[in-house]
There are 2 protein chains.
Amino acid sequence: MTQKDDFDLREFLPYLLNQAAEISSQSFQRTYKGRYGMLRTEWRVLFHLAIYERMTAKDICEKAIMHKTKVSRAVQRLEQRRYLQRKPDEKDRRHEWLTLTSQGRAVYEDLRAHAQQHDQVLMQKLSTEEITVLRRALNALSQP
Amino acid sequence: MTQKDDFDLREFLPYLLNQAAEISSQSFQRTYKGRYGMLRTEWRVLFHLAIYERMTAKDICEKAIMHKTKVSRAVQRLEQRRYLQRKPDEKDRRHEWLTLTSQGRAVYEDLRAHAQQHDQVLMQKLSTEEITVLRRALNALSQP
DNA sequence: TATTGTTATACTCTATAACTATA
DNA sequence: TATAGTTATAGAGTATAACAATA
């Protein structure tokens, strides 16, 4: 199994990014799925609501770069579990203001602790300088 | 929509990695899907066979960090399209040696050119130093 | 018994179009 | 006519167990 072609997959960014993303996400996925039966879209929405406190679905779409159908379904499931409440805007009833319940905030606090701990473990694989550059580069690559 | 909690999602590596991976992969996905109707697992297997010339499914599992069921199905579809050939090992008939057909190699050459061009576009968002550090960091994070 | 590879099945995640209700 | 949000549906991607064939 000797190499014939000099193209190196380990230099192709989409390949590298997907491998790193998948492997780095597994442990945190086990946490939000195992402890709360949540999906990726759901923890993302939960975290946004915890961080910004009060948002419409459209706010979340923009901040989280998520399509409105993803947000709509995530909000529905979070509401069913009593992690958030909806309140229609009085002036424009097309909008609904979303806020976490105390139960939703408790789930967030727990997941945030796990997220931070998980991040610490990941960062142990890297130097301080690598972490800084990595975050900057990933943010740059996330601009479409 | 002011920030209440000081946790910053843009510093959480699994979040950042997934966003960057998803956005960075879209253009290349359009290429392999649009031109050849291929899936992610399929171009990965195709590329491995082009680079290493002759592998068993197990070799691909190890090199590409893919589960054997993914490899099995990707190989099947690549064979249906006549992009690869199978030849059972004479000494141990549990193994099958996989090689690309000339048609498979042609598809690879085309996709590799697109991949390299796509990588160039992505790298324009980054400095030379950032690219070096990014690749190193992503490789480190890809070790489970 | 262990290994290589296949099949079945379910779940997770994403993309798109069509729709409702409000403005 | 435009915007916020929902529903339906399909496709892409992943995970796991059970299986057949060979060693």
Side-chain angles (χ1 to χ4, degrees), chain A residues 14-15 17-19 21-34 36-45 55-80 84 86-98 144, chain B residues 14-15 17-19 21-34 36-45 55-80 84 86-98 144:
Chain A
Y15 182 75
L17 285 162
N18 274 294
Q19 294 246 63
E22 191 182 320
I23 289 168
S24 305
S25 301
Q26 278 172 359
S27 156
F28 186 58
Q29 185 184 5
R30 274 192 297 278
T31 301
Y32 64 71
K33 184 184 168 192
Y36 303 104
M38 286 171 71
L39 304 174
R40 179 189 292 182
T41 48
E42 295 166 26
W43 80 256
R44 287 186 181 179
V45 166
M55 306 171 90
T56 66
K58 185 171 172 58
D59 292 336
I60 299 174
C61 291
E62 286 164 4
K63 274 282 174 196
I65 319 180
M66 283 170 69
H67 193 272
K68 59 183 181 177
T69 60
K70 289 185 192 175
V71 173
S72 172
R73 289 198 172 87
V75 165
Q76 245 173 327
R77 298 206 7 159
L78 292 172
E79 189 191 25
Q80 280 169 13
L84 65 77
R86 323 163 90 119
K87 193 187 293 178
D89 186 303
E90 297 297 326
K91 295 174 183 168
D92 184 341
R93 286 201 313 249
R94 290 173 303 182
H95 296 79
E96 280 189 322
W97 290 102
L98 307 169
Chain B
Y15 182 75
L17 285 162
N18 274 295
Q19 295 245 64
E22 193 182 317
I23 290 168
S24 305
S25 301
Q26 278 171 0
S27 156
F28 186 58
Q29 184 183 5
R30 275 193 296 276
T31 302
Y32 64 71
K33 184 183 168 191
Y36 304 103
M38 285 171 72
L39 305 175
R40 178 190 291 180
T41 50
E42 295 166 27
W43 79 256
R44 286 185 180 179
V45 166
M55 306 171 90
T56 66
K58 186 173 172 55
D59 292 335
I60 298 174
C61 291
E62 286 164 6
K63 274 283 175 196
I65 319 180
M66 283 171 69
H67 193 272
K68 60 183 181 177
T69 59
K70 289 185 192 174
V71 173
S72 173
R73 288 198 172 87
V75 165
Q76 245 173 327
R77 297 207 8 163
L78 291 172
E79 190 191 25
Q80 280 168 13
L84 65 77
R86 322 162 90 120
K87 193 188 294 179
D89 185 303
E90 297 297 326
K91 295 174 182 167
D92 184 341
R93 285 198 315 243
R94 289 174 305 182
H95 296 80
E96 279 188 323
W97 290 102
L98 308 169

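Residue numbers start from 1 in every chain, and the chains themselves are labelled A, B, ... in the order their sequence lines are given, proteins ahead of strands.
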Going by the salt bridge (Lys or Arg N to Asp or Glu O under 4.0 Å) test, which pairs reach into residues 62-72 of chain B, not counting sequence neighbours?
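Counting only pairs at least two positions apart or across chains, the salt bridge (Lys or Arg N to Asp or Glu O under 4.0 Å) contacts touching residues 62-72 of chain B are B/Lys58-B/Glu62.
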
How far apart are the C-alpha atoms of B/Glu96 and B/Val75, what are their side-chain angles, what is the distance that settles it, and do they pass the side-chain contact (heavy atoms from CB on, under 4.5 Å) test?
CA-CA 11 Å; B/Glu96 279 188 323; B/Val75 165; over 6 Å; no

Applying side-chain contact (heavy atoms from CB on, under 4.5 Å), can you list everything that pairs with [X], at least two apart in sequence or on another chain?
X	result
B/Ala64	A/Tyr15, B/His48, B/Ile60, B/Met66
A/Arg93	none
A/Gln29	A/Tyr32

Can you measure [X] atom [atom1] to [N] atom [atom2] for me and round it to whole angstrom units?
X	N	atom1	atom2	result
B/Gln76	C/dT6	CD	P	6 Å
B/His95	D/dA23	NE2	P	10 Å
B/Glu79	C/dG5	CD	C1'	13 Å
B/Leu39	D/dT14	CG	C1'	13 Å
B/Met38	D/dG13	CE	C1'	15 Å
A/Arg30	D/dT14	CZ	P	16 Å
B/Trp97	C/dG5	CH2	C1'	15 Å
B/Glu96	D/dA23	CD	P	12 Å

Who passes salt bridge (Lys or Arg N to Asp or Glu O under 4.0 Å) against [X], sequence neighbours left out?
X	answer
B/Arg77	B/Glu42
B/Glu22	none
A/Asp92	A/Arg94

Sugar-phosphate atoms are those with a prime plus P, OP1 and OP2; base atoms are the rest. Using that split, label each nucleotide of nucleotides 14-23 of chain C B, S or - for protein heavy atoms under 4.0 Å, 5' to 3'.
SSBB----BS

Taking for A/Lys33 and for B/Ser72 the nucleotide of DNA chain C with the nearest heavy atom, the one nearer the 5' end belongs to B/Ser72

Presence of B/Arg77 side-chain N/O under 4.0 Å of C/dT6 phosphate oxygens OP1/OP2:
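Answer no for this pair, as no side-chain N or O of B/Arg77 is under 4.0 Å from OP1 or OP2.
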
I need the residues from residues 55-64 of chain B with at least one non-hydrogen atom less than 4.0 Å from DNA chain D; give them sorted by number, or say none.
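Contacts with DNA chain D under 4.0 Å: none.
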
Is there a side-chain contact (heavy atoms from CB on, under 4.5 Å) between A/Arg44 and B/Asn18 once you walk through the steps?
CA-CA 12 Å; A/Arg44 287 186 181 179; B/Asn18 274 295; 3.6 Å; yes

